[in-house]
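Step one of this worksheet: look at the structure below.
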Amino acid sequence: MKKTIQEINHRICEGKATILTAEEVTCLVKDGEKPRAEDIDVVTTGTCGIMSGTAAIFHLPVSEPGTFKKAKNILLNGIPGFAGPCPNEWLGSVDLMMYGTSQSIYDPQYGGGFLFEDLIKGKEIEIEVEDLEGNIIKSTAILDDFGTAQMIGIRFAFKNYTAFINPTSNPVSSIFNAVDMEGPFKGISFSGCGELNPLQNDPKLNSIHSGSKLLINNSEGLFIGLGTRSSPEKPNMMITADMKKMDPYYLGGFRTGAGPEVYNSVATAIPILNDEILTRTFIKNEDIILPICDIKGRHSVLSQTTYGVWNNVDERPIFEKDLCQRCATCLVEERCPTKAFQKNELNQAKCFGCGMCAYSCPFGSFQMERGTVLMNWKGEMKELEVSCRQSDIKRARKLAEELKKRIQNKNFIF
């Protein structure tokens with residue numbers, strides 16, 4: 001059976017469309033069912049994780065017109081932005097670009113991802129401009145004061161990511177783990193949402209085209225085209241959306257062993273035009289290869305596992321206060337990537353489900369099934385416990401469900 005976009009849109013508008021998430025489709029297949037294109041109209045997908053290729057384009061007020069000729073340098077909460085190059089002489093406002101991975105010159109643990117989250121939460125930020133003559137102009141603003149706040153993702157939602165281990169005895173600093181990765185083989189870090197991931201369900205981009213709508217951090221955005229470093233084997237997306245319409249729950253900063261990073265959430269909708277498109281969404285976690293590499297380089301593939309590592313695990317930890325020893329220096333508070341554990345309290349809304357708390361606490365005060373991986377190392381099978389998940393399956397599922405609801409409520413049409 002073949003359908004058209006117009007037919008699917010018509011069914012959505014009549015309230016007759018059948019919309020499922022990618023995980024719901026996979027569950028049907030696991031239960032022995034064989035859904036057809038005539039049974040399903042749209043499949044929604046989602047992912048959430050570290051996405052280094054995040055930038056923001058801002059236009060923001062600094063002072064009254066005529067105060068300074070042009071900005072030479074600019075800081076937002078101490079984080080450097082790239083001012084210009086537009087001719088904004090004497091306007092009192094500045095156009096700039098800022099990376100999600102940029103770090104504050106005052107606080108090395110605070111970066112662009114944390115700033116973007118603060119802005120979207122409505123917090124006031126500090127602005128510091130150095131003009132061409134070396135004068136310093138300081139002011140404050142909130143996101144509503146900005147004329148423009150547009151996120152650009154230059155490489156979001158890779159079809160497949162990589163897992164990392166440290167086979168040596170020396171700790172290794174890397175963006176691919178929340179702290180310096182210990183070794184040898186003391187844990188494994190990985191990214192990617194497996195069977196729920198957008199491009200895992202549409203690997204050849206048969207349904208997602210330039211101009212296709214999607215959700216970025218719950219803001220309706222657009223797919224621009226293939227992102228940087230994209231390849232036929234590992235495609236990714238270049239996308240954009242208005243930051244003023246984003247939900248701060250879905251994005252934020254994430255501290256790593258090599259400095260602060262940024263995480264985002266993306267959801268796409270796949271119109272089921274025929275059985276071939278639907279069949280690609282049948283993919284199961286245990287069928288998706290996850291390469292295991294040396295933490296010192298993605299070029300060094302040591303072994304492989306599958307995204308079955310997501311099966312039968314906990315989305316979030318449980319904090320057992322009675323087991324907490326209230327250490328003078330709390331390893332969990334020191335290491336928590338999203339700063340979700342502060343002053344002996346776990347903020348569930350900020351928690352990313354990475355597992356670093358359960359890995360780090362020597363007294364077992366954080367209970368969490370994080371999963372294990374079997375790895376063939378030089379003919380010997382090693383069982384590795386997941387030490388850090390740099391993708392959040394809970395946020396990914398929630399955004400895929402949110403997109404499903406939008407379609408059901410006729411608020412998202414192809």
Side-chain angles (χ1 to χ4, degrees), residues 47-54 100-101 103 108-109 111 113 155-194 197 228-229 231 233-234 236 253-263 288-310 313 331-332 334-338 352-362 368 370-393:
T47 189
C48 172
I50 307 303
M51 299 186 189
S52 302
T54 304
T101 54
Q103 300 179 23
Q109 292 296 306
R155 53 175 182 277
F156 273 24
F158 274 88
K159 171 193 166 189
N160 200 348
Y161 288 83
T162 304
F164 293 95
I165 54 97
N166 180 7
T168 71
S169 57
N170 297 320
V172 177
S173 171
S174 170
I175 64 170
F176 298 114
N177 200 52
V179 296
D180 290 356
M181 181 169 268
E182 299 171 323
F185 304 103
K186 289 189 176 179
I188 188 166
S189 174
F190 79 95
S191 300
C193 289
N197 199 58
T228 62
R229 305 183 195 168
S231 68
E233 295 76 26
K234 294 186 71 170
N236 68 77
F254 189 99
R255 298 184 295 179
T256 75
E261 276 280 340
V262 54
Y263 70 86
I288 306 171
I289 299 299
L290 178 60
I292 302 175
C293 293
D294 188 326
I295 190 70
K296 292 182 179 178
R298 281 167 281 182
H299 60 282
S300 180
V301 179
L302 305 178
S303 186
Q304 68 180 34
T305 183
T306 73
Y307 276 98
V309 68
W310 274 124
V313 297
L331 278 179
V332 175
E334 197 174 64
R335 293 179 171 187
C336 179
T338 60
F352 192 79
C354 69
M356 184 51 57
C357 54
Y359 172 79
S360 299
C361 180
M368 186 182 191
R370 308 188 303 280
T372 57
V373 168
L374 283 176
M375 173 187 171
N376 188 327
W377 173 252
K378 297 181 178 179
E380 177 187 352
M381 295 304 296
K382 289 185 174 292
E383 185 177 45
L384 307 175
E385 190 174 30
V386 173
S387 57
C388 182
R389 303 191 300 216
Q390 289 196 309
S391 288
D392 182 2
I393 200 72

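The first residue in the sequence is number 1, and the count goes up from there. Below, each value reflects all heavy atoms present in this structure, side chains not excepted, and no hydrogens, waters or symmetry copies.
No donor-acceptor pair under 3.5 Å is formed between the side chain of S391 and the backbone N or O of G49. Between the R389 side chain and the G353 main chain, a donor and an acceptor come within less than 3.5 Å of each other. At distances below 3.5 Å, not a single donor-acceptor pair connects side-chain atoms of W377 with backbone N or O atoms of L302.
Considering every non-hydrogen atom in both G187 and M181, the closest pair reads O-CE, 4.1 Å. Nearest heavy atoms, Q390 versus S191: CB-OG, 3.3 Å. The minimum heavy-atom distance between E261 and S52, with the atom names listed, is OE1-OG, 2.7 Å. Contact detail for P291 and T162: the closest heavy-atom pair is O-CG2, 3.6 Å. Nearest heavy-atom pair, M356 versus C388, reported as atom, atom and distance to 0.1 Å: CE-CB, 3.9 Å. Heavy atoms only, all atoms of each residue included: S360 and L331 are closest at O-CD1, 3.7 Å.
A heavy-atom distance below 4.5 Å is not found between the side chains of I165 and K382. Looking at heavy atoms from C-beta onward, F190 lies in side-chain contact with V309 at the 4.5 angstrom threshold. Two residues are said to be in side-chain contact when any heavy atoms from C-beta on lie closer than 4.5 Å; N160 and Y307 meet this criterion. When side chains are defined from C-beta on, F156 counts as touching T54, because their heavy atoms get closer than 4.5 Å. Side-chain contact between I175 and I50: absent, with no pair of heavy atoms (C-beta onward) separated by less than 4.5 Å. Using a 4.5 Å cut-off on side-chain heavy atoms (C-beta onward), S387 and R370 make no contact. Residues L290 and T306 fail the side-chain proximity criterion, which asks for heavy atoms closer than 4.5 Å. At a threshold of 4.5 Å between non-hydrogen side-chain atoms, the residues F176 and C293 do not count as touching.
A donor and an acceptor atom, one from each side chain of N376 and S303, are nowhere located under 3.5 Å apart.
For the atom pair C193 SG and D392 CG, the distance stands at 7.5 Å (nearest 0.5 Å). Within the model, atoms CG of L384 and OG1 of T305 stand 9.0 Å from one another, a figure rounded to the nearest 0.5 Å. Rounding to the nearest 0.5 angstrom, the gap separating the CZ atom in R255 from the SG atom in C354 is 10.5 Å. With values rounded to the nearest 0.5 angstrom, N236 atom CG is found 7.5 Å from Y161 atom OH. Rounding to the nearest 0.5 Å places CG of L374 at 5.5 Å from CD of E383.
More than 12 heavy atoms of other residues, nucleotides or ligands sit less than 6.0 Å from atom NZ of K234.
Listed by first then second residue, pairs satisfying side chain to side chain donor-acceptor pair (under 3.5 Å) with a partner in residues 168-187 read N166-T168, E182-Y359, not counting sequence neighbours.
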query = Does the pair E334 and V179 meet the rule for a side chain to side chain contact (heavy atoms under 4.5 Å, CB included), with working shown?
reply = CA-CA 10 Å; E334 197 174 64; V179 296; over 6 Å; no
